[in-house]
Structure formats: structure tokens, C-alpha cells
Q: 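Pasting a structure here, questions to come.
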Amino acid sequence: MISTDIAHIPAPEFAQRLLEWAAEQGRHDLPWQIDATPYSVLVSEIMLQQTQVATVIPYYQRWLKSFPTVEILANAHEDQVMAHWQGLGYYSRARNLHKAAKYVLDSCNGQFPNDLKGLEAIPGVGRYTAGAVMSFAYDNFGPIVDGNVRRLFCRLFGIDGLPTSTAVTKTLWALAEHYTPQTRNRNFAQGLLDMGATLCTPKSPKCERCCFADDCIAKTQDRVTELPTPKPKKVIPTKNVEFIWHVKHHKIFLQKRPDSGIWGGLWCLPESDENQVEEKAKSVGKFKHTFSHYKLDATVVHRPVSDETGQWFSQQELRDIGLPKPIQSFIDKHFE
DNA sequence: AATTCGGGGAC
DNA sequence: GTCCCAGAATT
């Protein structure tokens, strides 16, 4: 149980007010809200992890067109799966979603689990996604805590401390379980997300349209700009990397990157082993790229490569595999 | 408890 | 440029 000291709004009243707000001001035309099935909800939720709605929409549409059912996804080739994820980032999500389809087919007799525990056993599905599938696919009890809920709750209940810290996270989940009703869960969960995404935004929240403004600790104590507690920023390092340019007979030589690490599972120009580099090679070109946790300073050079370690691709074939965008863009400039 | 996974929207 | 996004898995 959570103390009424923090949860200062009665649960039934909270749900009622949120549902009413959602009916009037919520989002009702997102692609994954149409004919939601456990599979389509899972696809959308995995894509939406740390990724904004506007970015996901075209990927979601293409995905369901190519992989309309969990069976078709399970039987698809990995390269085709990765190609559909090209440019979306966090590529382990794609590999896990592929694994998830195989898991549902092989270990669940093709039937999606319909409880939180069963859903969390699916590769790539954590506590948030399990709750989201329960709510959106089954319209059943499924508490959710994502970035939207963190921000909304930290303000509404006046919670200090880093919103992703262990202590605050524990409080947020307790609040989510406390306030999540037993009915109308689809509308309830959607309302929470809509409120965080469209009203209780990081900057200049639209408190005048909020159904909880009178009860919001941050608002009533004029601490909206202080909550949630901002993350301390840190400087990101720069990595210098060499990629290898190997072109023969209008074909380019690529290697599949290991599952772990950046661009995992994508085809890419071979990366030269720094320890093996003895002499300066002729540079083909350079490019820079910024990730969230480091900067990449890349040089592309001519170097010998063992043919066993990869495959040759024509310009045409490059379109059917997943290449990192900076690599794709470099190749487009220099190939042919 | 910290780190590692991308890329882009919004400002 | 900065901040952060319908987080999960790994160390």
C-alpha cells in the first residue's frame, strides 16, 4: 500500500477525471489504436520504446504490411527483419521482436500470454511493455510507468529526486498500481500517455487544460520548472574508428556486425582492428556521427580484408539489407 | 547501481 | 546546440 500522504487523490476519482479528460482531449487516431491485437500492440510498443510517435508511424505501417501476423514474422529472414528497422535505432529491439515471435509460436502454441508474468517472459518485454499490452490489447489491469507517467506523477505528487533512480522508480510503480483501475484500462492507460505527451510536457506544460491542476503539487507550489528533477548532464567521449573500403567489380564488401555493441546485427563496412594497424592507409573519406553516449570520428581507408569474413553486395542488393544511415550515406556518395 | 544500446523531434 | 522520447538487457 501507498500512503495517502503521497497519493492525495482518491483512486476512483483519479480514474474518473482522467477518463473524462481522455475522452475529450486525448489522442484517438494513432495507427496502433485501430484494430489492436496483442501482436500489433506488441509491435507498436517495442517500436515506441524511447522513440517518439511521429518517428514510429511509418515504420509501424511498413512493418505490419510486411509482417501482418506473428507467424509470418517468426518465419521471416533476419536480414529482412533488420532492413525494416533500418534507421529506427536500438537494433536489439528488432532482434528481440523477431525472437518474441518465434517464442510465442514455439513456446506458447501461437497464443499470446494474457497476464503480466507471461508477457514479461517474452524477449524484449519488460514491466512497462507488459502493462501496456495488458491495457491496450486486452483492456485489462496493466499498470504502466514510462517517461510520460514519470513526469506527470513527479509533478502531480511532488516527488523529488532523479525520476529514474531506484527509490523514485519504486514510488512511481506503487502509485501506478494504486491508481490503475480494474476496468476501462485501455482508455486509462492511453489517457496517462496522452496527458504526458501533449499536456504535461517537459517544457511549458499546458496546465490550464489539465484536469489535475488544482491538485498538482508542482503547480500549486510553483515548482513546475523544478519537477521532475533534471538529470545531471555529462560530457560524451569521442571514438576514432577506421572503416575499410573494399570495392571490386561494382560490388562492395560488407560484414555483419555482432549482436552486441553499436549497430548490432546490421551489415556495415568492415571495422579495422586498431591493434593490427601498422601503417597509414590511403583515405577514401571521412565522416562524423553523434550517438547519445559518444561521438564517432570515422575514417574510411583501403586495406586488405579476408574474403571469408563477409559478403559482396551490388548497389541494388544494398537496398534489401539494413545498413546504418551514416554508412549508407557514405556509400551513396563514394560508390560507383 | 551504472552502463549500453540510436536516431530524431521539438525547441 | 540541448533535452528527451510509450525501456530493456547487461554488467
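Each chain gets a letter, A, B and so on, in the order the sequences are listed, and its residues count up from 1. Atom set for the values below is all heavy atoms of this structure, side chains included, hydrogens, waters and symmetry mates excluded.
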Q: Counting just side-chain N and O atoms, does A:K233 come under 4.0 Å of either OP1 or OP2 of C:dC4?
A: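 It does not, given that no N or O in the side chain of A:K233 lies less than 4.0 Å from OP1 or OP2 of C:dC4.
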Q: Give me the one residue out of A:V56, A:L42, A:I57 that meets side chain to side chain contact (heavy atoms under 4.5 Å, CB included) with A:M47.
A: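 Of the listed options, the one satisfying the test is A:V56.
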Q: Determine: side-chain N/O of A:R150 to OP1/OP2 of C:dC4, distance under 4.0 Å, yes or no.
A: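 Checking A:R150 against C:dC4: no side-chain N or O falls below 4.0 Å of OP1 or OP2.
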Q: If the C1' atom of B:dC5 is compared with that of C:dC5, how far apart are they to the nearest Å?
A: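 Comparing C1' positions in B:dC5 and C:dC5 gives a spacing of 15 Å.
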Q: Which residue, A:G87 or A:S165, contacts DNA chain B at a nucleotide closer to its 5' end, judged by nearest heavy atom?
A: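 Here A:S165 is the residue nearer the 5' end.
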Q: Please tell me which of the listed nucleotides, B:dG7, C:dA6, B:dT3, lies nearest to the side chain of A:Y91?
A: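 My answer, after comparing the listed nucleotides, is B:dG7.
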Q: Taking the ring centre of each residue, are A:F157 and A:F212 less than 6.0 Å apart?
A: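 No, the ring of A:F157 stays outside the 6.0 Å limit from the ring of A:F212, centre to centre.
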Q: Once you apply a heavy-atom cut-off of 4.0 Å, does A:L30 come out as touching a base, just sugar-phosphate, or nothing?
A: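 Base contact - A:L30 has a heavy atom under 4.0 Å of at least one base atom.
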Q: With sugar-phosphate meaning primed atoms plus P, OP1 and OP2, does A:Y90 contact a base, only sugar-phosphate, or nothing at under 4.0 Å between heavy atoms?
A: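 If one applies the 4.0 Å heavy-atom cut-off, A:Y90 turns out to touch a base.
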Q: Starting from P on C:dC3, measure out to CZ on A:F291 and report it in whole angstrom.
A: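 Answer to the nearest Å: 20 Å.
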Q: Using a 4.5 Å cut-off between side-chain heavy atoms of Ile, Leu, Val, Met, Phe, Trp and Tyr, which other residues end up in the same hydrophobic cluster as A:I244?
A: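 Traced through the cluster, A:I244 reaches A:F253, A:V305, A:W312.
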Q: Would the distance check show the side chain of A:H84 and the main-chain N or O of A:M82 forming a donor-acceptor pair, the cut-off being under 3.5 Å?
A: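 Here the side-chain-to-backbone pair does not exist.
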Q: Is it true that A:F153 and A:W173 have ring centroids separated by less than 6.0 Å?
A: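 Distance test on ring centres: not under 6.0 Å, no.
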Q: 5'-most contact on DNA chain C: A:R151 or A:W173, nearest heavy atom basis?
A: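 First, find each residue's nearest nucleotide; the 5'-ward one identifies A:R151.
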Q: Can you confirm whether or not the ring centre of A:F291 sits under 6.0 Å from the ring centre of A:H289?
A: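 Ring centres of A:H289 and A:F291 closer than 6.0 Å.
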Q: Show, in sequence, the C-alpha distance, side-chain angles and deciding distance for A:Q49 and A:I46, and conclude whether the side chain to side chain contact (heavy atoms under 4.5 Å, CB included) test is met.
A: CA-CA 5 Å; A:Q49 287 170 6; A:I46 300 292; 3.5 Å; yes
Q: Rounding to an integer number of angstrom, what distance separates C:dT10 and B:dG6 when you compare their P atoms?
A: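 My reading of the P atoms in C:dT10 and B:dG6 gives 14 Å.
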Q: Given the side-chain rings of A:F313 and A:W267, with only the six-membered ring counted for Trp, is the space between their centroids under 6.0 Å?
A: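 Yes.
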Q: In whole Å, I'd like the distance from the CD atom of A:Q33 to the P atom of C:dA6.
A: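 Roughly 13 Å, once rounded to whole Å.
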Q: So which nucleotide from C:dA6, C:dC4, C:dA8 ends up closest to the side chain of A:Q49?
A: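 The answer is C:dA8, which lies nearest to the side chain.
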Q: What is the distance, rounded to the nearest whole Å, between atom CD of A:E120 and atom P of C:dA9?
A: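 Whole-Å distance recorded here is 9 Å.
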Q: When all nucleic acid strands are considered with a 4.0 Å heavy-atom cut-off, which category describes A:Q190: base, sugar-phosphate, or nothing?
A: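 The answer is base, as A:Q190 lies within the cut-off (heavy atoms under 4.0 Å) of a base atom.
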Q: Any donor-acceptor pair, under 3.5 Å, between the side chain of A:R27 and the base of C:dA6, if you only look at N and O atoms?
A: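 Yes, the side chain and the base share a sub-3.5 Å donor-acceptor pair.
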Q: Whole Å only: how far is the CG atom of A:D194 from the P atom of C:dA6?
A: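 Roughly 10 Å, once rounded to whole Å.
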Q: For A:F136, which contact category applies under a 4.0 Å heavy-atom criterion: base, sugar-phosphate, or nothing?
A: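 The answer is nothing, as A:F136 stays clear of every strand by at least 4.0 Å.
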Q: Take atom CD of A:Q50 and atom C1' of B:dT3, then tell me their distance rounded to the nearest Å.
A: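 Going from CD in A:Q50 over to C1' in B:dT3 covers 14 Å.
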Q: Reckon A:L88 touches a base, only the sugar-phosphate, or nothing at all at heavy-atom distances under 4.0 Å?
A: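 The answer is base, as A:L88 lies within the cut-off (heavy atoms under 4.0 Å) of a base atom.
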Q: Would one find a side-chain N or O of A:K203 under 4.0 angstrom from OP1 or OP2 of C:dT2?
A: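 No, outside the criterion.
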Q: Scan A:P230 against the nucleic acid and name what it touches under 4.0 Å (heavy atoms): base, sugar-phosphate only, or nothing.
A: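 Nothing, no nucleic acid heavy atom in range.
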Q: Whole angstroms only, please: what is the CZ-C1' distance between A:R257 and B:dT4?
A: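 So the two atoms are 14 Å apart, to the nearest Å.
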Q: Parallel, tilted or perpendicular, judged at 30° and 60°: which one describes the rings of A:H334 and A:W245?
A: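 Plane angle over 60°, so perpendicular.
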Q: Kindly indicate whether a cation-pi arrangement holds for A:R62 with A:Y59, taking the cut-offs as under 6.0 Å to the six-membered ring centre and within 45° of the axis.
A: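 Here A:R62 passes the 6.0 Å and 45° test against A:Y59.
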Q: What is the nucleic acid contact for A:G261, judged by heavy atoms within less than 4.0 Å: base, sugar-phosphate only, or nothing?
A: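 Here A:G261 touches the backbone only, sparing every base.
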Q: If you look at every strand shown and take non-hydrogen atoms under 4.0 Å, does A:I262 touch a base, only sugar-phosphate, or nothing?
A: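 The answer is sugar-phosphate, as A:I262 gets under 4.0 Å only of primed atoms, P, OP1 or OP2.
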Q: Between the base of B:dG7 and the side chain of A:T290, is one N or O donor paired with an acceptor at under 3.5 angstrom?
A: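 Looking at the base of B:dG7, it does not pair with any donor or acceptor on the side chain of A:T290 (distance under 3.5 Å).
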Q: Could you list by number each residue of residues 52-64 of chain A showing a heavy-atom separation from DNA chain B of less than 4.0 Å, or answer none if no residue does?
A: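 The stretch gives A:Q52, A:T55 as the residues lying under 4.0 Å from the strand, ordered by number.
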Q: When you measure from the side-chain N and O atoms of A:W85 to the phosphate of B:dG6, is any distance below 4.0 Å, counting only OP1 and OP2?
A: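 Negative; the distance criterion is not met.
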Q: Using whole Å, report how far CZ of A:R93 lies from C1' of C:dA6.
A: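 It works out to 11 Å between those atoms.
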Q: Output the rounded distance in Å from NZ (A:K231) to P (C:dC3).
A: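 Distance, rounded to whole Å: 10 Å.
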Q: Looking at A:H289, I'd like to know whether one of its side-chain N or O atoms comes within less than 4.0 Å of OP1 or OP2 on B:dG6.
A: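 Checking A:H289 against B:dG6: no side-chain N or O falls below 4.0 Å of OP1 or OP2.
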Q: Determine the Euclidean distance between corresponding P atoms of B:dA10 and C:dA6; express it in Å to zero decimal places.
A: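 Going atom to atom, P in each nucleotide, I get 11 Å.
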Q: Base, sugar-phosphate or nothing for A:T129? Non-hydrogen atoms, less than 4.0 Å.
A: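 Counting heavy atoms under 4.0 Å across all strands, the contact made by A:T129 is with sugar-phosphate only.
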